[in-house]
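First up is the structure itself, then whatever we jot down about it.
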Amino acid sequence: MAATDTSTVDTASRAKALDRLKLGDTIFKNLTFLSALTVLLILGGVLISLMHGAWPAFREFGFFGFIAGESWNPVTEKFGALAPIYGTIIASFIALLIAAPVGIGIAIFLTELCPMSLRRPVGIAIELLAGIPSIIYGIWGLFFFAPFLQVYVQPALIKTFGSVPVLSTLFSGVPYGIGLLTASLILAIMVLPFITSIARDVFETVPPVLKESAYGMGCTTWEVVRNVVLPYTRTGVIGGMMLGLGRALGETMAVTFVIGNAHKVSASLLAPATTISATIANEFTEAVGDIYTSSLIALALILFIITFMVLSAARFMLMRLEKQKGA
Amino acid sequence: MSLYTNRKRKSVITMMLCYGAAALGLSVLVIILATLIFMGARGINLDVFTQMTPPPGSTGGGLLNPIVGSLFMTGLGVAIGTPIGILAGTYLAEYGRHSRLSTIIRFLNDILLSAPSIVIGLFTYQILVAPVGHFSGFAGAVSLAILVIPVVVRTTENMLMLVPNPLREAASAMGMPRSLVIKNVAYKAAQAGMITGVLLAIARVSGETAPLLFTALNNQFMSTNMSAPMASLPAVIFQFALSPYVEWQQLAWTGALIITAAVLALSIGARALSSKRT
C-alpha cells in the first residue's frame with residue numbers, strides 16, 4: 001500500500017515537473033521561431049515602407065520618368081534619378097574592375113605562394129581593411145587620397161590620354177581631386193577584402209589531388225591556377241565579385257566625402273558626380289516638401305532593389321558551390 | 001626549350017603580379033593606419049574625453065558627448081539585436097535546420113547582412129522618426145539593432161551547426177527536453193564562436209554613420225535622453241571633417257583614430273577568441 005502511495009505521489013510530481021519543462025520547451029521554441037520571422041519582417045517592412053514613401057514621387061513623375069529624368073532641382077521640385085543611378089553604377093563597376101583582379105591576385109598569393117606561417121597574419125591584415133569603418137575611408141579619402149590624386153595622378157592621366165580618342169573624354173577636364181574616379185578607387189579598396197576572402201575560401205576547396213596531378217605533369221604555377229584552380233572555382237569567384245559589387249553599390253559615407261555631389265551625368269571620370277547613397281546622405285535631413293523627401297526615398301527604393309538583385313545572384317552562385325562541395 | 005622558357009617566364013610574371021597585389025593590399029592598410037595615427041594622435045589629450053564638442057571656430061573642447069552617445073546607442077542597439085539574433089540563429093540551426101522556411105530566411109538574412117545601411121536608416125526614419133515627428137537616440141539604436149541581427153544570426157547558426165550531434169543525442173537520451181539540450185549543451189559548446197559573432201557585430205555597428213544621420217541626427221550638447229536627438233562619434237566626424245574650421249577637422253581626425261582603434265581592437269579580439277577554440 002505504502003509503496004503504491006509514494007509511487008503515485010512520484011508520478012504526480014513527475015508529471016507536474018514534466019509539464020513545467022514542456023511549457024518552457026514550447027515557449028523557447030516559439031521564441032526562436034518568432035525571432036527567425038523577425039528577419040523576414042524586417043526585410044518585408046523595409047520594402048513596404050520604402051514603396052509607401054516613394055509612392056508620391058512615382059505618381060508625380062511616373063516610374064520611368066523618374067528613373068530617366070536628368071534634372072534634380074529642389075527649387076522647381078523637379079526630380080529625376082538618372083545622375084545618381086549613373087554615378088552609382090559607374091563608380092561600383094570601376095571599383096569592381098580594379099578590385100577583382102587585385103583581390104584574386106591576393107587570394108592566389110595566399111593559397112599558392114605565401115609561406116604557411118605568414119598566411120594567417122596576411123589574411124587577417126587584409127580582412128582588417130573590411131573592419132575599418134566607412135567614415136574613416138571617407139575622411140582619409142578627402143584629406144589624403146584626393147589631394148594625392150589631384151597633384152600626382154590626375155594631371156598625368158590627362159597628359160597621357162589627352163590625345164587618345166576615347167580615353168581623352170574619360171580623362172578630360174580639370175583635376176579636382178574629388179570626383180567619380182576617386183570614389184571608384186576608394187570603393188575598390190573597400191570591397192577588396194570581401195573579394196579576397198571569398199576567393200581564398202573557394203580556392204581552398206580545390207582538391208589538392210587535382211593541383212598535384214597538374215604539377216606532376218610539369219605545369220607551372222600560373223598554368224595550375226589558370227587551368228585547374230580558376231575553372232574549378234569559377235562560380236564561387238564570380239559570386240564573391242557580385243557580393244563585392246553589392247557592397248560597393250550601397251556604400252555611403254566614403255563616397256559622400258569624395259564624389260563631389262554634383263547632379264550631372266558627365267563623360268569624364270575626373271568630374272564630380274553623385275551616387276544614390278551620397279545624395280540621400282547629403283540631402284535627406286535638409287529636404288523640405290513632400291515631393292523632395294519622397295524622391296529621396298524613391299532613390300533608396302531603387303538602390304535597395306538593385307542591391308537585392310545583385311546580392312541574390314551572388315548568393316545563388318555561392319549556394320550552388322556549397323551544394324557541389326557537399327555532394 | 002624556348003617554349004619551356006616562355007611558359008616559365010609567363011608564370012614568373014603572373015606570380016610577381018600576385019606578390020604585387022598582396023603588397024598593394026598591405027600597403028594600403030599601412031598607409032591608412034599611418035595617416036590616421038599621424039593626423040589623429042596629435043589631437044589626443046585628456047580634454048577629448050572630458051569636454052563637450054566646441055562651437056564652430058573656437059579652440060579646445062573634446063568629444064565627450066559623441067563618445068557617450070555612441071556608447072549608449074551601440075549598447076542599446078546590441079542589447080536589442082543580440083537576443084533576437086541568437087534566438088533566430090537557434091531556430092535556423094536547431095529547430096528548422098532542414099525546413100523550407102529556414103532556407104528562405106537564411107537567404108534573406110544573407111542579403112540583409114550586406115544591404116546598404118543607409119536604406120536601413122531610411123526605413124527606421126519612416127517607422128520611428130516620421131510618425132513621432134522628431135529624431136531620437138532610440139531610433140538610432142533600433143537602426144543599429146537591425147544591422148546587428150543578421151551578423152549574429154549568421155554566426156550563431158554557423159557555430160551551432162558545428163556542434164556535433166552525438167552531444168545533443170546524449171543529452172536527449174538522458175531525458176532532457178529540447179530547449180534544455182540547446183541551452184545547456186549546444187550553447188555551451190558553441191559559446192566562444194557566438195561571443196565572437198556578437199563582438200564582430202559591435203565592431204560593425206560602432207563605426208556606422210549612414211543610419212544614424214536620419215535617426216539620431218546629432219546633438220551639440222551632452223544628452224543621455226534616448227528620446228531626444230543624440231550625438232554619435234561617426235556623425236560628429238562627418239560634420240566636423242566637412243566643416244571649414246581647422247579645430248573641428250582636428251577633432252574629426254582624433255575621433256576617427258579613436259573609433260578605428262576601438263573597432264580594430266574588437267575585431268582582433270574576436271578573432272583571437274575564435275582561434276583559441278579551434
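Just so we're clear, the structure is a prediction, and the values are computed from it rather than from any experiment. The sequence lines fix the lettering, A, B, ..., with proteins before strands; numbering per chain opens at 1. Computed over heavy atoms, backbone and side chain alike; hydrogens, waters and symmetry mates excluded.
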Side-chain contact, heavy-atom cut-off 4.5 Å: [X] with [Y]?
X	Y	answer
Ile124(A)	Arg271(B)	yes
Thr285(A)	Phe135(B)	yes
Trp140(A)	Leu36(B)	no
Phe143(A)	Thr35(B)	no
Phe107(B)	Met319(A)	yes
Leu249(A)	Pro116(B)	no
Phe308(A)	Leu108(B)	yes
Leu29(B)	Ile132(A)	yes

Among [options], residue most engaged with chain B (heavy-atom pairs, under 4.5 Å):
options	answer
Gly45(A), Ser134(A), Gly53(A)	Gly45(A)
Ala281(A), Pro193(A), Ala107(A)	Ala281(A)
Thr307(A), Leu142(A), Thr221(A)	Thr221(A)
Leu243(A), Thr256(A), Ile135(A), Leu296(A)	Ile135(A)
Ser312(A), Pro101(A), Ala300(A)	Ser312(A)
Ile280(A), Ile108(A), Leu21(A)	Ile280(A)

Check this for me: [X], atom [atom1], are more than 12 non-hydrogen atoms of other residues, nucleotides or ligands nearer than 6.0 Å?
X	atom1	answer
Asp290(A)	CG	no
Met16(B)	CE	no
Arg97(B)	CZ	yes
His52(A)	NE2	no
Arg119(A)	CZ	yes

Problem - Under the salt bridge (Lys or Arg N to Asp or Glu O under 4.0 Å) test, residues paired with Arg7(B) that sit two or more places apart - result: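 Arg7(B) satisfies salt bridge (Lys or Arg N to Asp or Glu O under 4.0 Å) with Glu223(A) only.
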Exercise for the section: Under the salt bridge (Lys or Arg N to Asp or Glu O under 4.0 Å) rule, collect the residues that match up with Glu283(A), sequence neighbours excluded. Expected result: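 With sequence neighbours excluded, Glu283(A) shows a salt bridge (Lys or Arg N to Asp or Glu O under 4.0 Å) to no residue whatsoever.
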As an exercise, state the distance from [atom1] of [X] to [atom2] of [Y], rounded to the nearest 0.5 Å.
X	Y	atom1	atom2	answer
Met253(A)	Ser117(B)	CE	OG	9.0 Å
Ser179(B)	Leu23(A)	OG	CG	10.0 Å
Leu301(A)	Phe123(B)	CG	CZ	13.5 Å
Asn282(A)	Leu242(B)	CG	CG	8.0 Å
Thr252(A)	Leu213(B)	OG1	CG	8.5 Å
Leu17(B)	Ile104(A)	CG	CD1	13.0 Å

Is [X] in contact with chain A via its backbone, its side chain, both, or neither, using a 4.5 Å heavy-atom distance?
X	answer
Leu266(B)	neither
Thr14(B)	side chain
Ile268(B)	side chain
Ala256(B)	both
Leu101(B)	side chain

Would you mind telling me which of [options] has the largest number of heavy-atom pairs within less than 4.5 Å of chain A?
options	value
Tyr91(B), Tyr125(B), Phe238(B)	Tyr91(B)
Ile84(B), Asn109(B), Ile32(B)	Ile32(B)
Arg204(B), Lys183(B), Met176(B)	Lys183(B)
Val263(B), Leu112(B), Asp110(B)	Asp110(B)

So which atom in [X] and which in [Y] form the shortest heavy-atom distance, rounded to 0.1 Å?
X	Y	value
Cys18(B)	Gly105(A)	CB-O, 3.5 Å
Ala241(B)	Ile139(A)	CB-CD1, 4.0 Å
Leu311(A)	Ile111(B)	CD1-O, 3.8 Å

Side chain, backbone, both or neither of [X] within contact of chain B (heavy atoms, under 4.5 Å):
X	value
Phe145(A)	neither
Arg120(A)	side chain
Leu129(A)	both

Handout entry: Test side-chain contact (heavy atoms from CB on, under 4.5 Å) applied to Leu128(A) and Leu33(B), step by step
Key = CA-CA 11 Å; Leu128(A) 282 188; Leu33(B) 293 182; 5.8 Å; no
Handout entry: side-chain contact (heavy atoms from CB on, under 4.5 Å) assessment of Met15(B) paired with Leu113(A)
Key = CA-CA 8 Å; Met15(B) 290 311 122; Leu113(A) 305 171; 3.7 Å; yes
Problem - CA sep, side-chain torsions, deciding dist, call: Gln126(B), Ile297(A), side-chain contact (heavy atoms from CB on, under 4.5 Å) - result: CA-CA 9 Å; Gln126(B) 291 271 77; Ile297(A) 295 175; 3.6 Å; yes
Exercise for the section: If the plane angle is over 60° it's perpendicular, under 30° parallel, otherwise tilted; pick one for Phe28(A) and Tyr187(B). Expected result: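 The arrangement is perpendicular - the two ring planes meet at more than 60°.
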Exercise for the section: Name the orientation class of the two ring planes belonging to Tyr19(B) and Phe109(A) (parallel below 30°, tilted from 30 to 60°, perpendicular beyond 60°). Expected result: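 Correct class here is perpendicular.
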Problem - Test side-chain contact (heavy atoms from CB on, under 4.5 Å) applied to Ala91(A) - qualifying residues, sequence neighbours left out - result: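 Once residues adjacent in sequence are excluded, the partners of Ala91(A) under the side-chain contact (heavy atoms from CB on, under 4.5 Å) criterion are Leu180(A), Ser184(A), Leu187(A).
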Problem - Residues of residues 33-43 of chain A contacting chain B, heavy-atom criterion under 4.5 Å, by residue number - result: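 Against chain B, the residues of residues 33-43 of chain A that fall inside the cut-off (heavy atoms, under 4.5 Å) are Phe33(A), Ser35(A), Ala36(A), Leu37(A), Thr38(A), Val39(A), Leu40(A), Ile42(A), Leu43(A).
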Handout entry: Among Thr90(B), Leu92(B), Ile86(B), Ile182(B), the one residue meeting side-chain contact (heavy atoms from CB on, under 4.5 Å) with Thr32(A)
Key =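 The side-chain contact (heavy atoms from CB on, under 4.5 Å) with Thr32(A) is passed solely by Thr90(B) among Thr90(B), Leu92(B), Ile86(B), Ile182(B).
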Exercise for the section: Examine distances only and state if a side-chain atom of Ser11(B) and a backbone atom of Trp222(A) form a donor-acceptor pair shorter than 3.5 Å. Expected result: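 Here the side-chain-to-backbone pair exists.
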